[in-house]
Protein chains: 2
Amino acid sequence: MSENRFSTRPLYLQLREALLERIAAGQWKAGNAIPNEADLARDFGVSPGTMRKALDLLEAQRVLTRRQGRGTFINDQNSAEMAQRYNKLRGPDGRPVVVEPEVGPIGEAAATEQEVRRLGLEPQARVYRFTRTYFREHRAFMMDEVVVPAAIFPGLEKQREVATDVVTLAQRYGLLTGSAAERITTGPADAIRAGIFNVAPGAPLLNFDRVVFELNGLPLEWRLGYCHLSSGYYLAALG
Amino acid sequence: MSENRFSTRPLYLQLREALLERIAAGQWKAGNAIPNEADLARDFGVSPGTMRKALDLLEAQRVLTRRQGRGTFINDQNSAEMAQRYNKLRGPDGRPVVVEPEVGPIGEAAATEQEVRRLGLEPQARVYRFTRTYFREHRAFMMDEVVVPAAIFPGLEKQREVATDVVTLAQRYGLLTGSAAERITTGPADAIRAGIFNVAPGAPLLNFDRVVFELNGLPLEWRLGYCHLSSGYYLAALG
DNA sequence: AAGTGGTCTAGACCACTCA
DNA sequence: GAGTGGTCTAGACCACTTG
C-alpha cells in the first residue's frame, strides 16, 4: 500500500481494490476464509479500522461474508444463491422460482446503435447475441434476448454452458457482478411468443429490460425478457 | 445515554433511537442543520466514532443528509423528492413520472383476513380504506386501493388531503417511512378499469401489491395498484 | 481456551464550504 | 479562517463460534 499513500483516493477504497485483486488472482479461493482483519491490516500496513471499512464495503457488495466468531469468507459465485441473485420471480408462496434456462446458439455481430448506448460501447463494437428459454414443468414461461460485449467475453460462442446466467458468465471470465437496473413494462403476447408460451395471442406478458454491471460499473449484459407469469409475482424491494 | 449503558443493545442503535426521538419531538426542524457530530457526541456522552455510526445509519435510512463542509440536515419529508420516493414509474426519457392523485372517500371497517395478514394486525382490527386515482393530461392511467390501520392513523377520514402518498401521511402522524416490498404482476383490464383508463377490455395492465413499513418495521400501508403504462416503465434497482 | 468479527474509545489530520 | 463532515490511527473490550 505504501506506494499509494500519496494518492488522492481514500485508502479504504484502494484496499478494496487490492483485496479484489488477490481474489481475482486466485490467492484466496471461493468458500474459504481469508486472514483475520488484524493480520490483513498488518500485511497492508494500515490501521485495523481502515481495513475493516474496506472489508465492510466488500461485504455490502456481496463479495465477502463476515461471521462473528468464525471469520471472513469469500462468497462462491457459483452457488445457487449467488447465480440467482438477479432473479426476482417469486412463486405464490413467496419463494424464489428456480429457473434453469436452455441457452440458444450464440451469434456474433456488430452492435446496433441501441446496443452501443445501453452497453456503453464504441460504435461498431462486436457483441455476442443469444437467447435463453426458461421452463417450468416442461412448459416455457419466459424467454430472454441477451447481448454481451464480445471484448469482455472473448470466445463465448464456444462456452454456451456458461451463459445460463450473467453471474456464472462473469465469474468464468474473472469478473464480479454488482448492481443492475431493470425496466419493467407489460404488453400483449405476439403470435410467436403466444405459441412458445402456449397462451392466447394478446395475453398480457411482463417485459423486462435489464442491464447488469460489473462491480466497478462496467456494463456486462443487456437482456430483454418476456415472461408469462401464470402465478406468483416479481418482487421489487424499495429502499 | 448513561442510564442505558448496561443495555445489551449496541450503543449506536440506542443513539439512533434517541436522535429520532429528538426529531419526532420537534426539537430539530426539517430542513435545518443539527449540531455537529463532536457536540452531539459530548451531549450524549459517547465517543465521536460511535455518534458517527449512528448518524451514518440515519443517513442510509434517508432521515438525514450529511454534507462535508456544511453540516448534517434533517430531510424534509414533505419535499417532492421524499414524497415520491416509492414511485418507480419513469417516462420514456427515464425521468420520474410526477403523479398527483385524486383521493377518494375514506371508509372505516374491520380488517379482512388478508388485510390482517399483510398489515400484521390483530383479528377484527379497524382499518381505513380508500382509493387514489392518478391522472396525466386529464386522463386516468393508474388507480390504487389503499388500506391502512385505523389505530395508526386515527381520524384519517377527516384528513383526506394528507392521504395522497404514504410518506406525507406518515409524516403528518409523526412517523417516518422505511423499506417497502412491491409485488408486480400483469393481467388484463376488467370492464371497470378499461372504462376508467379508456382502453380496450383485456388490455395488459401492470398490477402492484405493495406494503410500506415504518422505519422500525411496522406495516403502515397496503396498496393494490392497477396501472396502464402507455409509455415509459417501472424502474427496479437490483443490488 | 483460543480465535474471530462487532463495538467503542479518543484522539489527529484532511477536504470541503462559506462568510 | 472558522466550521463542518470524511478519513485514519491505535488501541481496548465484548459477543460469538469452535475445538
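In the text below, chain A, chain B and the rest are named by the order of the sequence lines, each starting its count at 1. Predicted model only: the values in this text are computed from it and were never measured.
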In whole Å, I'd like the distance from the [atom1] atom of [X] to the [atom2] atom of [N].
X: B:E37; N: D:dT7; atom1: CD; atom2: P; answer: 11 Å
X: B:L11; N: C:dG6; atom1: CG; atom2: C1'; answer: 13 Å
X: B:F44; N: C:dA10; atom1: CZ; atom2: P; answer: 17 Å
X: B:K53; N: C:dA10; atom1: NZ; atom2: C1'; answer: 16 Å
X: A:R9; N: C:dC14; atom1: CZ; atom2: C1'; answer: 17 Å
X: B:Q14; N: C:dT7; atom1: CD; atom2: C1'; answer: 12 Å
X: A:M51; N: C:dG5; atom1: CE; atom2: P; answer: 11 Å
X: B:R70; N: D:dG5; atom1: CZ; atom2: P; answer: 11 Å

**Study point:** Proximal nucleotide (of D:dT9, C:dT7, C:dT9) relative to the B:T50 side chain
**Key:** C:dT9
Review point. What nucleotide among D:dC8, C:dG5, D:dG5 has an atom nearest to a side-chain atom of B:N36?
Key: D:dG5
Would you call [X] and [Y] a salt bridge, using N to O less than 4.0 angstrom?
X: B:E221; Y: B:R210; answer: yes
X: A:D209; Y: A:R118; answer: yes
X: A:E115; Y: A:R223; answer: no

**Study point:** Whichever of B:R66 and A:S47 has its nearest DNA chain D nucleotide further upstream toward 5'
**Key:** B:R66
Practice item. Output yes when at least one side-chain N/O atom of A:Y12 is less than 4.0 Å from OP1 or OP2 of D:dC8, else no. Key: no
Review point. Do B:Y12 and B:D56 meet the criterion of a side-chain donor-acceptor pair at a distance under 3.5 Å?
Key: no
Review point. Reckon A:R67 touches a base, only the sugar-phosphate, or nothing at all at heavy-atom distances under 4.0 Å?
Key: sugar-phosphate
